[in-house]
Amino acid sequence: MSNFSRRKFLTTAAVSAAGAVVLKGCVGNPPDSTGGTSTTAPASPVASPVTVAPGEAPETTKIKLGYIPIVEAAPLIIAKEKGFFAKHGMPDVEVSKQANWGSARDNVEIGADAGGIDGGQWQMPMPYLISEGLITKNNVKVPMYVLAQLNTQGNGIAIAGKHEGKNIGLDLKPAKDYILAMKTTGTPFKAAYTFPKANQDFWIRYWLAAGGINPDTDINLIAVPAAQTVANMKTGTMDAFSTGDPWPARIVADQIGFMSALTAEIWPYHPEEYLAIRADWVDKNPKATKALLKGIMEAQQWLDQEANRAEAAAILAKPAYFNLKEEIIAGPLKGMQKMGDGKPEITDKNKGVFYWKDPAGSVSYPYKSHDLWFLTESVRWGFLPKETLTTASALIDKVNREDLWKAAATELGVPAADIPTSTSRGVEKFFDGKTFDPANPQAYLDSLAIKK
């Protein structure tokens with residue numbers, strides 16, 4: 001990993017930190033003009049504290065977890081609001097809204113004791129890049145542990161309205177010539193994501209490459225804060241945006257653009273974002289870590305009950321969290337997504353966000369095979385050196401603490417059938433027919449026509 005260009009990375013990443021106050025929006029948080037309206041859903045009871053056995057009490061009742069206001073953050077917010085953290089002896093958990101992903105990275109570097117955060121919600125493979133000092137100041141390694149997956153799905157690729165009627169959809173091949181022609185006329189297709197070399201960058205890259213478009217040479221692909229990107233889509237200076245809900249719903253509802261594809265269509269039940277915490281905090285507080293995990297697991301189970309989705313939307317919509325109208329997030333939570341551009345509305349809950357279980361298996365459990373895909377995709381695009389694959393297993397074993405997830409799940413009384421027995425979810429299948437076999441990541445790379 002020594003060949004990784006931190007300077008190049010930080011030059012791009014700095015863009016995501018700039019403009020944090022543009023339109024008074026955060027990464028994933030729509031402008032204030034949308035916010036706060038409540039219909040309000042009936043509230044379910046808050047969880048009651050459990051009796052903790054002597055000697056099993058958490059070492060601390062406090063931790064500061066950062067989040068970005070998109071649907072991936074819901075387990076952290078619900079665990080706090082519905083009393084699941086408090087139930088397991090962690091009443092003083094603070095969930096702290098971060099201005100953007102760059103700020104979250106900077107804050108976890110300094111830690112909560114110095115005014116930052118102890119961990120929280122992350123795109124992948126950010127915890128690995130932070131652990132290896134690849135995106136930290138002065139390349140200082142800040143060891144992190146991946147403890148749980150927060151959700152699957154919940155993202156999409158939005159296209160500016162000026163491109164309606166140009167066949168820009170899940171299969172991009174019919175629009176390939178149109179997009180490539182923009183470059184020849186001196187105005188190349190411009191697309192954005194919120195942080196480089198992580199989830200939302202990967203999703204749009206995969207989609208473009210599957211359509212025969214090289215994201216590094218055929219278009220301009222850059223990191224831009226969400227609010228600025230949407231403003232640019234309105235004025236016609238941004239063509240596409242890879243982002244998480246509630247942004248896609250807002251973009252279509254405000255007639256700013258349309259959805260070309262949901263990530264649930266690109267890779268059904270794909271891993272999305274994760275809970276990761278500084279290793280020094282976890283090592284110092286192993287009982288508190290398990291208590292925290294139990295609270296998040298119960299929040300994920302609560303979120304996956306369809307009857308609770310309306311209340312979840314009401315909670316997330318609060319000014320303290322997402323600051324938007326409930327209906328903007330209620331639809332995506334239920335798998336209801338207006339696509340625009342003449343595409344049929346999606347009304348399939350299996351295309352929506354999952355938190356605890358989905359048809360492919362456990363959502364909350366952090367499969368090591370998924371971590372391997374994120375590292376492999378990093379190699380594909382030249383973000384990590386090729387030799388990463390030879391050391392990936394050892395790195396994953398160091399960062400991914402699925403053992404702590406299993407311990408917490410067992411103590412919580414999660415049925416054995418819901419606790420994976422393998423660290424691999426098996427062969428993954430993508431919309432274009434490609435497959436990723438964790439037992440042979442090189443074969444996946446070899447099968448890809450467009451790569452670095």
Side-chain angles (χ1 to χ4, degrees), residues 71 123-124 149 151-159 163 166-180 189 191 193 198-215 218-219 221 240-245 248 252 257-273 332 335-354 358-361 363 367 369-370 372-374 376-378 380-381 425-438 440-441 443-451:
V71 295
Q123 293 191 63
M124 273 291 197
Q149 184 175 253
N151 69 297
T152 54
Q153 305 186 149
N155 277 235
I157 297 170
I159 307 296
H163 298 296
K166 303 300 183 182
N167 296 312
I168 300 179
L170 175 63
D171 182 359
L172 199 51
K173 294 184 187 72
K176 178 181 176 181
D177 290 343
Y178 170 73
I179 291 175
L180 293 180
F189 190 86
Y193 47 78
N199 293 41
Q200 292 166 8
D201 187 2
F202 289 155
W203 305 147
I204 196 167
R205 283 174 173 274
Y206 193 98
W207 172 70
L208 288 163
I213 296 172
N214 189 317
D218 293 333
I219 69 163
L221 185 59
F241 184 28
S242 175
T243 185
D245 285 317
V252 176
F258 62 93
M259 299 306 298
S260 61
L262 302 183
T263 52
E265 298 175 296
I266 295 172
W267 179 4
Y269 315 118
H270 67 81
E272 184 47 35
E273 292 181 11
M336 300 173 64
Q337 180 70 60
K338 292 182 179 179
M339 300 296 285
D341 195 26
K343 298 179 176 68
E345 181 178 354
I346 290 177
T347 57
D348 181 358
K349 68 178 182 180
N350 285 332
K351 294 292 193 297
V353 61
F354 289 91
D358 63 23
V363 171
Y367 286 101
S369 61
H370 288 161
L372 179 60
W373 181 84
F374 283 109
T376 303
E377 199 71 0
S378 298
R380 174 188 184 179
W381 298 115
R425 199 173 72 169
V427 176
E428 304 289 345
K429 299 179 181 179
F430 300 82
F431 82 104
D432 59 344
K434 299 297 183 184
T435 59
F436 174 76
D437 184 349
N440 190 359
Y444 165 77
L445 287 177
D446 292 342
S447 73
L448 301 167
I450 297 178
K451 57 197 170 190

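Worth saying up front: this structure is predicted, and the values here are computed from it rather than measured.
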Distance, nearest 0.5 Å, that separates [atom1] of [X] from [atom2] of [Y]:
X	Y	atom1	atom2	answer
Gln200	Arg205	CD	CZ	13.5 Å
Glu265	Phe430	CD	CZ	15.0 Å
Ser260	Ile157	OG	CD1	5.0 Å

* Does the pair Glu273 and Asn199 meet the rule for a side chain to side chain donor-acceptor pair (under 3.5 Å), with working shown? -> CA-CA 8 Å; Glu273 292 181 11; Asn199 293 41; 4.9 Å; no

* Asked: Between Trp207 and Thr263, is a side-chain contact (heavy atoms from CB on, under 4.5 Å) present by the stated rule, with each step listed?
  -> CA-CA 9 Å; Trp207 172 70; Thr263 52; over 6 Å; no

* Mind checking whether Gln149 and Tyr367 have side chains closer than 4.5 Å, heavy atoms only? -> no

* Asked: Between Tyr444 and Arg380, does a side-chain contact (heavy atoms from CB on, under 4.5 Å) hold up when you go through it step by step?
  -> CA-CA 10 Å; Tyr444 165 77; Arg380 174 188 184 179; 3.9 Å; yes

* Asked: Is the distance between the ring centroids of Tyr178 and His163 under 6.0 Å?
  ->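 Centroid separation for Tyr178 and His163: below 6.0 Å.
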
* Working for ring-ring contact (aromatic ring centres under 6.0 Å, His included), residues Trp373 and His270 -> CA-CA 11 Å; Trp373 181 84; His270 67 81; 8.8 Å; no

* Step-by-step side-chain contact (heavy atoms from CB on, under 4.5 Å) determination, Trp267 to Phe431 -> CA-CA 6 Å; Trp267 179 4; Phe431 82 104; over 6 Å; no

Under 3.5 Å donor-acceptor pairs involving side-chain atoms of residues 169-176, not counting sequence neighbours:
residue: Asp171; atom: OD1; partner: Lys173; partner atom: N; Å: 3.1
residue: Lys173; atom: NZ; partner: Ala210; partner atom: O; Å: 3.4

* Stepwise side-chain contact (heavy atoms from CB on, under 4.5 Å) check, Gln153 with Leu262 -> CA-CA 8 Å; Gln153 305 186 149; Leu262 302 183; over 6 Å; no

* **Over 12 non-hydrogen atoms of neighbours within 6.0 angstrom of CE in Met336** =>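 Count not over threshold, so no.
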
* **Donor on one side chain, acceptor on other, Gln123 and Tyr193, under 3.5 Å** => no

* **Pairs touching residues 426-438 that satisfy salt bridge (charged side-chain N to carboxylate O under 4.0 Å, His left out), sequence neighbours left out** => Arg425-Glu428

Side-chain atoms of residues 340-351: list all donor-acceptor pairs with protein atoms under 3.5 Å, sequence neighbours left out, distances to 0.1 Å.
residue: Asp341; atom: OD1; partner: Gly165; partner atom: N; Å: 2.9
residue: Asp341; atom: OD2; partner: Lys343; partner atom: NZ; Å: 3.4
residue: Lys343; atom: NZ; partner: Ile168; partner atom: O; Å: 3.1
residue: Asp348; atom: OD1; partner: Asn350; partner atom: N; Å: 2.9

